[in-house]
Amino acid sequence: MTLMNSLMAQSAQCPVGVFDSGVGGISVLRHIHALLPDENLLYMADSQYAPYGNKTRAEIEARCFVIADFLIAQGVKAIVVACNTATAAAIDAMRARYALPIIGMEPAVKPAAAATKNGVIGVLATSGTLKSAQFAALLESYGRNVKVVTQACVGLVECIERGELESECTLALIRQYCQPLLDEGVDTIVLGCTHYPFVKANIQAIVGCHVGLIDTGDSVAKQLQKRLLTLGLLADKQAHTTVKFWTNSQADNAKQVIETLWGEPAEVKVF
Ligand code: DGL
């Protein structure tokens, strides 16, 4: 536990901190805000260091510590790691280091295995997630009775970071990465990276409506609600809540990308 963390009193009215390697975790933030509208939210996009998917465990861990220290200094009562890659690489180290509740996420292999009708599921994720010990354990636990076809989507996170949800480059990558899954006959695809829900409609159009797409943003929001409730940290009903964004992106359109993905004008600061 850091000194800062131990000194910081947590109360129900403190904000919840949410972060990702970049803007992808805003897909999770939207679920959190929809389920828990009375919570003040603070989102950090570590876009300068995106993608995490090709970084070492030690590099990702170091970034997670920098961001968690920052969020804790802002007085957050809980942290949501809105990133599958960061969760796989760093959540154990974060939980060992900090005392506040830390909620992570993992690709939805379990619900996909329950949903598939033909027993063939696909997982789209970063190479970091797919190579992790956590993902191997997930397959061991829930992927035994189904065929799991995995596909690393190199370059897709970068397109979404640039705000290119419909560009030819984005669509070409989606086609390239979905085809091997279709060739294997998947009927269910897990969106195993928080950036991908922002191109869900394009993925659906390419794979066809007979293929189900599953992501975990809603489950993460429910898990957060459960943890806050258990700890007596759920915010009281309030008329005005704030959702604030921080980014270290160097791009001129950083605020515009965040607002597009969030869906409305937003307070965006640089860290
Ligand atoms: N959005 C992240 C995830 O859920 C990671 C993207 C990346 O930085 O590679 O895995």
Side-chain angles (χ1 to χ4, degrees), residues 20 23-35 53 80 82-85 87-88 103-132 134-157 159-160 164-166 170-226 261 263:
D20 176 43
V23 294
I26 295 172
S27 65
V28 179
L29 190 76
R30 289 171 64 138
H31 283 283
I32 294 172
H33 187 56
L35 184 69
V80 177
C83 177
N84 295 269
T85 314
T87 299
I103 289 89
M105 60 193 301
E106 60 190 14
V109 172
K110 185 182 177 187
T116 179
K117 295 203 167 44
N118 70 358
V120 190
I121 70 171
V123 180
L124 299 174
T126 68
S127 38
T129 296
L130 297 176
K131 281 187 206 148
S132 68
Q134 280 77 359
F135 186 69
L138 194 61
L139 289 187
E140 186 63 22
S141 300
Y142 303 110
R144 279 175 165 237
N145 299 320
V146 290
K147 178 173 173 183
V148 183
V149 187
T150 61
Q151 177 64 55
C153 302
V154 178
L156 189 54
V157 162
C159 289
I160 296 165
E164 293 178 19
L165 307 184
E166 303 273 340
T170 303
L171 298 179
L173 288 177
I174 294 173
R175 271 185 227 108
Q176 177 188 339
Y177 294 137
C178 288
Q179 196 55 51
L181 306 189
L182 295 173
D183 291 345
E184 295 289 337
V186 303
D187 72 352
T188 308
I189 294 178
V190 174
L191 305 183
C193 166
T194 54
H195 283 73
Y196 305 163
F198 290 118
V199 289
K200 188 173 182 175
N202 296 322
I203 295 174
Q204 192 77 70
I206 285 166
V207 299
C209 56
H210 63 288
V211 177
L213 303 181
I214 302 186
D215 73 87
T216 44
D218 185 43
S219 315
V220 173
K222 285 181 182 147
Q223 180 61 20
L224 171 66
Q225 180 184 44
K226 205 166 130 192
L261 301 183

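Just so it is clear, the model here is predicted, and its values are computed rather than measured.
Separating the CZ atom in Arg30 from the CG atom in Leu261 is a distance of 8.0 Å, to the nearest 0.5 Å. Residue Ile174 holds its CD1 atom at 13.5 Å from CD of Gln179, rounded to the nearest 0.5 Å. In this structure, the separation between CG on Leu35 and CD on Gln225 is 4.0 Å, given to the nearest 0.5 Å. If you take NE2 on His195 and SG on Cys153, they are separated by 12.0 Å, rounding to the nearest 0.5 Å. Note that CD1 of Ile189 is 8.5 Å distant from CD of Gln204, once rounded to the nearest 0.5 Å. Atom CG of residue Asp20 and atom OG1 of residue Thr85 lie 8.0 Å apart, to the nearest 0.5 angstrom.
Using a 4.5 Å cut-off on side-chain heavy atoms (C-beta onward), Leu173 and Cys159 make contact. Proximity of Val207 to Leu182: side-chain heavy atoms (C-beta onward) are separated by under 4.5 Å at one or more points. Residues Gln134 and Glu106 fail the side-chain proximity criterion, which asks for heavy atoms closer than 4.5 Å. Considering only heavy atoms from C-beta on, His31 stays 4.5 Å or farther from Val220 through its side chain. Side-chain contact check for Tyr196 versus Leu156: some heavy-atom pair is nearer than 4.5 Å.
A side-chain donor-acceptor contact under 3.5 Å links Asn118 to the backbone of Gly185. When atom types are taken as modelled, the side chain of Thr116 and the backbone of Ala113 share no donor-acceptor pair closer than 3.5 angstrom. Formation of a donor-acceptor pair under 3.5 Å by the Thr170 side chain with backbone atoms of Glu166 is not found in this model. With Thr87 contributing its side chain and Met105 its backbone, the two residues share a donor-acceptor pair below 3.5 Å.
The two residues Ala108 and Ile214 have their closest heavy-atom pair at CB-CG2, 3.6 Å. Closest non-hydrogen pair, Thr126 versus Cys193, comes out as CG2-SG, 4.2 Å. A pairwise comparison of heavy atoms in Asn84 and Pro107 identifies OD1-N, 3.3 Å as the closest pair. The shortest non-hydrogen separation linking Tyr142 to Val109 is CB-CG1, 4.2 Å. Residues Leu124 and Cys178 come closest through the heavy atom pair CD1-SG, 4.3 Å. Shown here for Thr129 and Phe135, the closest heavy-atom pair between the two residues is O-CB, 3.1 Å.
Remark: Asn145 CG is loosely packed, at most 12 non-hydrogen atoms of other residues, nucleotides or ligands lying under 6.0 Å away.
The one candidate from Val148, Leu181, Leu191 that meets the side chain to side chain contact (heavy atoms under 4.5 Å, CB included) condition with Val123 is Val148.
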Take Leu165 and Ile160, measure what side chain to side chain contact (heavy atoms under 4.5 Å, CB included) needs, and give me the verdict at the end. CA-CA 6 Å; Leu165 307 184; Ile160 296 165; 4.1 Å; yes
